[in-house]
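Note that the coordinates shown come from a computational prediction; the quantities given were computed from them, not determined experimentally.
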Amino acid sequence: MTRLTVQMIFLAVLVTFVACNAPPVPLDDIVIEKTFTPERCDRMVKPGDFVRYHYIGTFPDGKKFDSSYDRGTTYNVLVGRKKLIAGMDKALEGMCVNERWTIKIPPQLAYGKSGYGDIIPADSILHFDVLMLDIWNSEDKVQTQTYYKPEICNRTVEVSDYVRYHYNGTLLDGTLFDSSHTRMRTYDTYVGIGWLIAGMDQGLLGMCVGEKRIITIPPFVGYGENGDGSDIPGQASLVFDVVLLDLHNPKDEITVDVRTLPDPCPRKSKVGDFMRYHYNGTLLDGTFFDSSYSRNHTYDTYIGKGYVIAGMDQGLMDVCIGERRRITIPPHLGYGEEGTGTSIPGSAVLVFDIHIIDFHNPSDTVEISGEKPEICTYQAKQGDFVKYYYNATLMDGTYIGSTSTFGKTYNVVLGAGQVVLGMEQGLLGMCVGEKRKLVIPPHLAYGERGVDDEVPGSAVLVFDVEMVEMEEGLPEGYMFIWNGEVSPDLFSEMDKNKDKEVDRTEFSEYILQQVEDGKGRLAPGFEQQRIMDNMYDNQDRNKDGKITETEFKLKADEPVHDEL
């Protein structure tokens, strides 16, 4: 290879090197080397912008003459207003936040022949390693960028509203200065009345509950020239990533959204009613805090009397049994500024999805509906032995029981306490073949306790009843009556062995024989032996196990009734 060829190859390499690293301006002008450029650049420096940046200043030999890092503060300055040496004023234009440049400035665009005291000699070329941290302009406005918005937005933030929100707060370069998430507590405040920095007051307006937005705030509506004295430097732009969780106004009342309304609705709830209902309780952003369903038990309470929070007391008025509604309750009608201390935070709006199972009033009586058959020769009364079919449910239709399960009638003596009081009242006056619907309040049924695993406490019961058969009972207080005249030798007839005493066997056999012969009648619906024992014990005055003639008396002769 000839010397000329070697020189040509070296020259070609040199040209290539210079072409790859050639500055965009003449060598007597500034030279910029971009050491880091972020993927995203929303804004570039232009004349008139205010910037915050860090820098290290060195001479070409690497000797440092100045550094903002050493002073522990950024350099804050207007660009293009001759607040900087000419080369820096020119070089900063076009930089992005988080971009890093090495800027080489010739003397004529720096401190020239005069230098700068003892720090920078005359005719010095200066190198600056610059990291751009913040850019803003005095004409900037608060910027909002919504990156999530719920499909349903019934209301947005207005001036004087009280809000609860989470946020991450960063500087424009991404440096975190604060976060409500790390404190695990929302930021709770009024909006638009000066409780917040002006930029946040503006940036929150128009938000929906559940919305997520980025709010970028220039320093003059943030913390200004002085910052906050700790984590936020002076003249810093702020970026808040906000999710709105709650929103109300102190003037708010409850709101009711009826989801399902039964038709017909024969009665609506009023003050003093006792109600059983199911609910799911959430915060306004959907956060679950409680449910009666999870306990598998209704919430049971009086309404309108202060047994529940004020908003719920209001929301449960004028409802129908079976109705479903959503009740939204502002905190001043809920758990207030303190919350519950556990699942419900302070100043929280509450949302209850309610299903009304039943309600009654302590003054309620049995509701009876139905029609009598055309032929009704006899109506049931106290003491009668009746046989009937029934289907029993709660007010919401939940099955309780039915005679169809055991394939025969249900048989009771009215007035004997064999069924709940409401059922006895509902059966009175029925005819054979009649069908009735009985609505029985709990104080006439199974009361506050209910029946384990069958009937909930304080439940209203609904019975569909059909009277199948009945047998007329005896007058009140009687277990046996004579159909005709009573024998004047009654005691002697009972005393079969003529020992002047009547034992249990003699007594029972005699009475039952009178019944069989049609001369007397036992109270229907009771076990015969039980009646015999009861009648005998009443006649055995001295309780010695036998009846003498002096003890023996007819019921009509008794000042206090016995069984004869």
Side-chain angles (χ1 to χ4, degrees), residues 40-43 49-52 76 96-98 133-250 252 283-286 331 345 347-349:
R40 180 173 176 175
C41 180
D42 296 323
R43 178 173 183 172
D49 283 343
F50 195 97
V51 297
R52 293 191 312 110
N76 309 336
C96 304
V97 170
N98 285 326
L133 300 178
D134 202 342
I135 307 168
W136 58 274
N137 192 285
S138 59
E139 296 179 0
D140 285 349
K141 306 291 183 184
V142 174
Q143 298 176 29
T144 61
Q145 177 190 354
T146 296
Y147 62 92
Y148 174 77
K149 190 168 187 176
E151 292 183 6
I152 299 175
C153 180
N154 297 321
R155 176 175 178 178
T156 60
V157 177
E158 298 177 1
V159 171
S160 81
D161 282 342
Y162 194 90
V163 298
R164 295 191 312 112
Y165 61 91
H166 269 304
Y167 70 89
N168 285 321
T170 65
L171 304 180
L172 205 61
D173 67 335
T175 301
L176 180 72
F177 63 80
D178 192 18
S179 173
S180 62
H181 297 281
T182 60
R183 295 190 297 274
M184 299 183 67
R185 181 168 184 172
T186 55
Y187 195 82
D188 308 340
T189 183
Y190 286 97
V191 176
I193 61 172
W195 284 33
L196 293 161
I197 57 174
M200 186 61 86
D201 258 347
Q202 297 173 34
L204 292 172
L205 294 176
M207 284 193 78
C208 305
V209 171
E211 182 175 344
K212 298 178 181 181
R213 66 168 52 171
I214 304 295
I215 302 173
T216 304
I217 301 174
F220 52 86
V221 284
Y223 287 93
E225 295 183 4
N226 299 320
D228 70 345
S230 57
D231 298 312
I232 300 175
Q235 302 290 20
S237 301
L238 308 178
V239 180
F240 290 92
D241 189 340
V242 174
V243 54
L244 185 66
L245 301 182
D246 205 339
L247 157 67
H248 77 277
N249 194 282
D252 285 349
L283 304 182
L284 203 57
D285 67 336
S347 300
V349 177

**For Phe177, ring-ring contact (aromatic ring centres under 6.0 Å, His included) partners two or more places apart** = Phe240
**Message:** How close do Pro233 and Ala236 get, counting heavy atoms only, and between which atoms?
**Reply:** O-CB, 3.3 Å
**Asked** Asn137: what forms a side-chain contact (heavy atoms from CB on, under 4.5 Å) with it, not counting sequence neighbours?
**Response** Arg43, Lys46, Asp49, Glu139, Asp140
**Fill in**
With sequence neighbours left out, the residues meeting side chain to side chain donor-acceptor pair (under 3.5 Å) with Thr156 are none
**Fill in**
Separation between CG (Asn249) and CG (Leu247), nearest 0.5 Å, reads 8.5 Å
**Message:** Checking Val163 against Thr189 for the side chain to side chain contact (heavy atoms under 4.5 Å, CB included) test, could you report, in this order, the C-alpha distance in whole Å, the side-chain angles of both residues, the deciding distance, and whether it holds?
**Reply:** CA-CA 6 Å; Val163 298; Thr189 183; 4.1 Å; yes
**Prompt:** How many angstroms lie between atom CG of Asn98 and atom OG1 of Thr175, to the nearest 0.5 angstrom?
**Reply:** 7.5 Å
**Request:** Determine which pairs satisfy salt bridge (charged side-chain N to carboxylate O under 4.0 Å, His left out) with at least one residue from residues 227-248, sequence neighbours left out, and list them in order.
**Result:** Arg164-Asp246
**Prompt:** How many angstroms lie between atom OH of Tyr190 and atom OG of Ser347, to the nearest 0.5 angstrom?
**Reply:** 7.5 Å
**Request:** Work out which heavy atom in Ser179 is nearest to a heavy atom in Leu176; give both atom names and the distance.
**Result:** CB-CD1, 4.4 Å
**Rounded distance (nearest 0.5 Å) linking atom CD1 of Ile232 with atom CG of Leu171** = 7.0 Å
**Message:** By the salt bridge (charged side-chain N to carboxylate O under 4.0 Å, His left out) test, which pairs, at least two apart or in different chains, include something from residues 182-196?
**Reply:** Asp178-Arg183
**Item:** Summary of salt bridge (charged side-chain N to carboxylate O under 4.0 Å, His left out) pairs that have at least one residue in residues 145-161, sequence neighbours excluded
**Value:** Arg155-Asp161, Arg155-Asp252
**Asked** Pick from Val243, Leu245, Thr186: which one makes a side chain to side chain contact (heavy atoms under 4.5 Å, CB included) with Asp285?
**Response** Leu245
**Message:** Taking the side chain as everything from C-beta on, heavy atoms only, tell me whether Asn76 gets closer than 4.5 Å to Val51.
**Reply:** no
**Message:** To the closest 0.5 Å, what do you measure between CD (Gln235) and CG (Asp134)?
**Reply:** 9.0 Å
Table please: side-chain donor-acceptor pairs of residues 193-220 below 3.5 Å, with sequence neighbours left out.
unit_1	atom_1	unit_2	atom_2	d
Asp201	OD1	Gly192	N	2.7
Asp201	OD2	Gly194	N	3.4
Glu211	OE1	Cys208	N	2.8
Glu211	OE2	Thr146	OG1	2.6
Glu211	OE2	Arg213	NE	3.2
Glu211	OE2	Arg213	NH2	3.1
Arg213	NH1	Gly203	O	2.6
Arg213	NH1	Leu205	O	3.2

**Message:** Taking ring-ring contact (aromatic ring centres under 6.0 Å, His included) as the cut-off, I'd like each qualifying pair that reaches into residues 137-161, sequence neighbours left out, listed once.
**Reply:** none
**Asked** In chain order, what residues pass the side-chain contact (heavy atoms from CB on, under 4.5 Å) check against Cys41, with sequence neighbours excluded?
**Response** Met44, Cys96
